[in-house]
Amino acid sequence: MTAIIRIEQISEYVGQEVTIQGWVYNRTHKGKLVFLLVRDGYGFVQCVAFKNDLPEETFEEIVHITQESSVEISGLVRVDGRAPGIPGGFEIGITGIKVIQIADEYYPMSLKEHGTDFALENRHLWLRMPSQWAILRVRATVISAIREWLDTNGFINMDTPILTPAAAEGTTTLFGTPYFDEGIAYLAQTGQLYNEANIYAFKKVYCFGPTFRAEKSKTRRHLTEFWMVEPEVAFCDLDELMEIEEQFVSHIVRRALEERAPELASLGRDTSSLEMISPPFQRISYDEAVERIAEVREKTADPEEKEQLAFDWGGDFGAPHEIALTRQFDKPVFVYGYPTAVKAFYMEPWPGRPEVCKSVDLLAPEGYGEIIGGSERISDPALLLQRIHEHGLPEDAYKWYMELRRFGSVPHSGFGLGVERTVSWICGIHHIRETIPFPRTINRVYP
RNA sequence: UCCUCGGUAGCUCAAUCGGCAGAGCGGGCGGCUGUUAACCGCUAGGUUGUAGGUUCGAGUCCUACCCGAGGAGCCA
């Protein structure tokens with residue numbers, strides 16, 4: 001047998017005899033000519049069999065092969081502009097085939113379109129489709145780029161607990177689980193508070209793991225289980241935080257463009273809008289954002305849009321507001337200085353303007369909206385204690401958190417980036433449930 | 001939790017005014033040497049989400065429920 005290759009490297013094997021191990025994605029037969037579109041986990045390539053070139057029984061076996069059958073195919077690699085695939089433009093002239101298993105002929109995921117419910121019910125098979133395969137390959141690169149940038153910029157990975165004693169921010173609904181004699185433990189919605197402890201040992205840290213929200217959110221931007229990376233930095237104010245974020249996000253986008261161009265092309269993603277992502281990103285205040293949204297609302301003739309864009313200073317933006325705002329920029333945009341009342345208890349107040357705080361969200365362009373939420377944290381122990389009281393949080397649960405402000409407190413900042421929203425934006429897809437292998441939503445825990 | 005829309009063959013959908021349950025794809029069989037979700041012919045395939053009601057007759061009308069999607073709130 002010839003060397004087993006990966007389809008993603010097929011361009012290096014033109015003119016050579018190779019073997020691929022994979023699955024039959026589609027079969028088209030035209031009498032004496034058969035096309036098999038085969039995927040091997042690394043890509044999709046067209047394999048061609050001519051009746052006159054092969055033994056009778058080999059050709060018959062190829063003619064009757066079913067979708068998703070597992071195979072080892074040997075043949076000669078050649079360039080052909082007509083050949084579909086990822087990357088396309090190459091095909092293998094079949095000289096030999098070994099069928100590992102003939103798949104059951106009633107494969108449910110036909111190549112025609114499917115409804116959402118059916119696709120999700122068959123997620124374990126849907127993963128094999130080119131679109132899902134491409135999105136999840138981009139996801140893996142995004143995750144790799146996240147770790148790479150942090151690991152090479154002075155950050156150290158510190159895993160924070162998933163089972164936690166109480167609501168970290170006191171607002172979101174959490175999943176609870178019985179925990180021996182300790183009552184209820186809650187699945188983490190953030191590792192931030194623990195990271196605030198970690199920075200005093202390691203200066204720059206990040207946690208990266210699954211995060212859980214029991215909110216009954218039913219939108220294309222929400223999952224009950226999602227992945228979030230949360231860097232936290234000692235001796236860092238809000239301006240320095242924004243510099244970190246724009247470097248970080250630019251690196252992630254660049255890596256995706258470099259390594260996943262065939263996947264992004266197969267998704268039909270116009271990457272020109274991603275090519276221009278580099279620091280700096282524009283910074284606008286919450287006050288300015290409110291004004292910009294009001295201007296858009298003033299100009300629109302559509303009464304429905306006018307209704308949706310109605311907004312009073314003091315609230316948090318909804319999806320229509322974020323879309324109207326981000327359409328004005330071709331790169332991600334920072335919105336800083338949100339009202340203290342709508343943000344978490346630990347955010348540092350704006351000097352001289354206690355009604356707003358040193359928070360910053362990063363909104364992705366093209367209507368994708370918030371991918372990062374972050375802030376400078378309160379470092380003064382007296383103010384922090386006051387906020388805990390104001391928010392009605394149990395003081396004893398935050399005893400350890402308060403102590404961080406007693407022993408060498410420094411200004412510090414951090415943020416959380418949502419992996420699925422970032423992948424949605426980079427891939428240009430509509431719904432974040434496609435950006436995680438097995439999505440968990442309010443109505444679905446299967447498969 | 002609220003608002004809107006939907007549920008008919010394995011999948012995607014059609015079925016006029018309440019009047020024989022249909023098509024394409026997918027499966028099987030046959031044909032075709034350049035297909036791109038191929039195409040052509042034949043063929044198999046149905047508890048119309050569930051329960052009740054109106055009617056000579058219900059996929060269609062009424063009531064309740066179940067399930068799903070989109071959005072709002074909340075958030076990354």
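Sequence lines set the chain letters: A, B, ... in the order given, protein chains first and strands last, and positions in each chain run from 1. Side chains included, hydrogens not; waters and symmetry mates left out as well; all remaining heavy atoms used.
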Inset, instruction - Kindly state which residues belonging to residues 315-332 of chain A come within less than 4.0 angstrom of RNA chain B, counting heavy atoms of the residue only, listed by number. - result: A:Asp316, A:Ala319, A:Pro320
Inset, instruction - Starting at atom NE2 of A:His222, determine the distance to atom C1' of B:rC74, rounded to an integer number of angstrom. - result: 6 Å
Legend entry - Distance, C1' atom - from B:rG22 to B:rC65, rounded to whole angstrom: 30 Å
Inset, instruction - Could you list the residues that satisfy side-chain hydrogen bond (donor to acceptor under 3.5 Å, both in side chains) with A:Asp159, not counting sequence neighbours? - result: none
Inset, instruction - Give A:Leu223 one of three labels, base, sugar-phosphate or nothing, depending on what nucleic acid heavy atoms sit under 4.0 Å from its own. - result: base
Inset, instruction - Ignoring hydrogens and angles, state whether a donor on the side chain of A:Arg292 or A:Gln328 is under 3.5 Å from an acceptor on the partner side chain. - result: yes
Legend entry - Watson-Crick and G-U pairing of RNA chain B, under 3.5 Å, as dot-bracket with | and [ ]: (((((((..((((.....[..)))).(((((.......))))).....(((((..]....))))))))))))....
Inset, instruction - Could you tell me whether A:Arg327 and A:Glu366 have a side-chain N and a carboxylate O separated by less than 4.0 Å? - result: no
Legend entry - Candidate pair A:Val34 and A:Cys47, rule side chain to side chain contact (heavy atoms under 4.5 Å, CB included), full reasoning: CA-CA 8 Å; A:Val34 179; A:Cys47 303; over 6 Å; no
Inset, instruction - Check if the side chain of A:Arg421 and the base of B:rC75 share a donor-acceptor pair of N or O atoms closer than 3.5 Å. - result: yes
Inset, instruction - Could you identify which residues of residues 426-441 of chain A place a heavy atom less than 4.0 Å from some atom of RNA chain B, listed by residue number, or say none? - result: A:His431, A:Ile432, A:Arg433
Inset, instruction - State whether A:Asn443 places a side-chain N or O below 4.0 Å from either non-bridging phosphate oxygen (OP1 or OP2) of B:rG68. - result: yes
Legend entry - A:Tyr42: ring pair (Phe, Tyr, Trp, His ring centres under 6.0 Å) partners, not counting sequence neighbours: none
Inset, instruction - Would you check if there is a donor-acceptor pair between the side chains of A:Gln132 and A:Glu434 at a distance under 3.5 Å? - result: yes
Inset, instruction - Pick the P atom in B:rG24 and in B:rA64, then give their distance to the nearest Å. - result: 39 Å
Inset, instruction - Considering only NZ, NE, NH1 and NH2 on the basic side and carboxylate oxygens on the acidic side, decide whether A:Lys204 and A:Glu230 come within less than 4.0 Å. - result: no
Inset, instruction - Please work out if A:Arg221 contacts a base, only the sugar-phosphate, or nothing of the nucleic acid, heavy-atom cut-off 4.0 Å. - result: base
Legend entry - A:Tyr107 ring over B:rG26 six-membered base ring, under 5.5 Å and 30°: no
Inset, instruction - Flag the pair A:Arg6 and A:Glu8 as a salt bridge only when some basic side-chain nitrogen lies within less than 4.0 angstrom of an acidic carboxylate oxygen. - result: yes
Legend entry - NZ/NE/NH1/NH2 to OD/OE distance under 4.0 Å, A:Glu376 and A:Lys358: yes
Legend entry - Pairing residues for A:Arg283 by the side-chain hydrogen bond (donor to acceptor under 3.5 Å, both in side chains) criterion, not counting sequence neighbours: A:Glu246
Inset, instruction - Name all pairs fulfilling the salt bridge (charged side-chain N to carboxylate O under 4.0 Å, His left out) condition that reach into residues 86-108 of chain A, sequence neighbours left out, sorted by first residue then second. - result: A:Arg78-A:Glu91
Legend entry - For A:Tyr401, all residues meeting side-chain hydrogen bond (donor to acceptor under 3.5 Å, both in side chains), sequence neighbours excluded: A:Glu196, A:Arg405
Legend entry - Nucleotide nearest A:Leu111 when distance is taken to its side chain, options B:rG27, B:rA37, B:rG73: B:rA37
Legend entry - Reported CD1-to-OH distance for the pair A:Ile86 and A:Tyr25, which is rounded to 0.5 angstrom: 8.5 Å
Legend entry - Rounded distance in Å - CG (A:Leu120) to P (B:rA69): 7 Å
Each nucleotide N or O in nucleotides 30-34 of chain B that has a protein N or O under 3.5 Å away: list the pair and distance.
residue : atom : partner : partner atom : Å
B:rC32  : N3   : A:His29 : O            : 3.3
B:rC32  : N3   : A:Gly31 : N            : 3.3
B:rC32  : N4   : A:His29 : O            : 3.3
B:rC32  : N4   : A:His29 : ND1          : 3.0
B:rC32  : N4   : A:Gly31 : N            : 3.2
B:rU33  : OP2  : A:Lys30 : O            : 3.4
B:rU33  : OP2  : A:Lys32 : N            : 3.1
B:rU33  : O4   : A:Asn52 : ND2          : 2.7
B:rG34  : O2'  : A:Arg82 : NH1          : 3.1
B:rG34  : N1   : A:Glu91 : OE1          : 3.4
B:rG34  : N1   : A:Glu91 : OE2          : 3.1
B:rG34  : N2   : A:Gln46 : NE2          : 3.1
B:rG34  : N2   : A:Glu91 : OE1          : 2.6

Inset, instruction - Indicate, yes or no, whether a donor-acceptor pair under 3.5 Å links the base of B:rA72 to the side chain of A:Lys218. - result: no
Are there any protein N/O atoms within less than 3.5 Å of an N/O atom in nucleotides 7-13 of chain B, and if so, which ones and at what distance?
residue : atom : partner  : partner atom : Å
B:rC11  : O2'  : A:Glu113 : O            : 3.2
B:rC11  : O2'  : A:His114 : ND1          : 2.8
B:rU12  : OP1  : A:Gly115 : N            : 2.7

Legend entry - Whole-Å P distance, B:rU4 and B:rC62: 16 Å
Legend entry - A:Thr95 side chain to A:Ser74 side chain, donor-acceptor N/O pair below 3.5 angstrom: no
For residues 416-425 of chain A, tabulate all N or O donor-acceptor pairs below 3.5 Å that involve a side-chain atom, not counting sequence neighbours.
residue  : atom : partner  : partner atom : Å
A:Glu420 : OE1  : A:Trp227 : N            : 3.1
A:Glu420 : OE2  : A:Arg139 : NH1          : 2.9
A:Glu420 : OE2  : A:Arg139 : NH2          : 3.4
A:Glu420 : OE2  : A:Trp227 : N            : 3.3
A:Arg421 : NE   : A:Arg221 : O            : 3.3
A:Arg421 : NH1  : A:Glu370 : O            : 3.2
A:Arg421 : NH2  : A:Arg221 : O            : 3.2
A:Thr422 : OG1  : A:Gly418 : O            : 2.8
A:Ser424 : OG   : A:Glu420 : O            : 3.0

Legend entry - B:rG10 to B:rG27 separation - P atoms, rounded to the nearest Å: 15 Å
Legend entry - Check: A:Arg255/A:Ser144 side-chain N/O donor and acceptor closer than 3.5 Å: yes
Legend entry - ring-ring contact (aromatic ring centres under 6.0 Å, His included) contacts in which one or both residues fall within residues 104-124 of chain A, not counting sequence neighbours: A:His114-A:Phe118
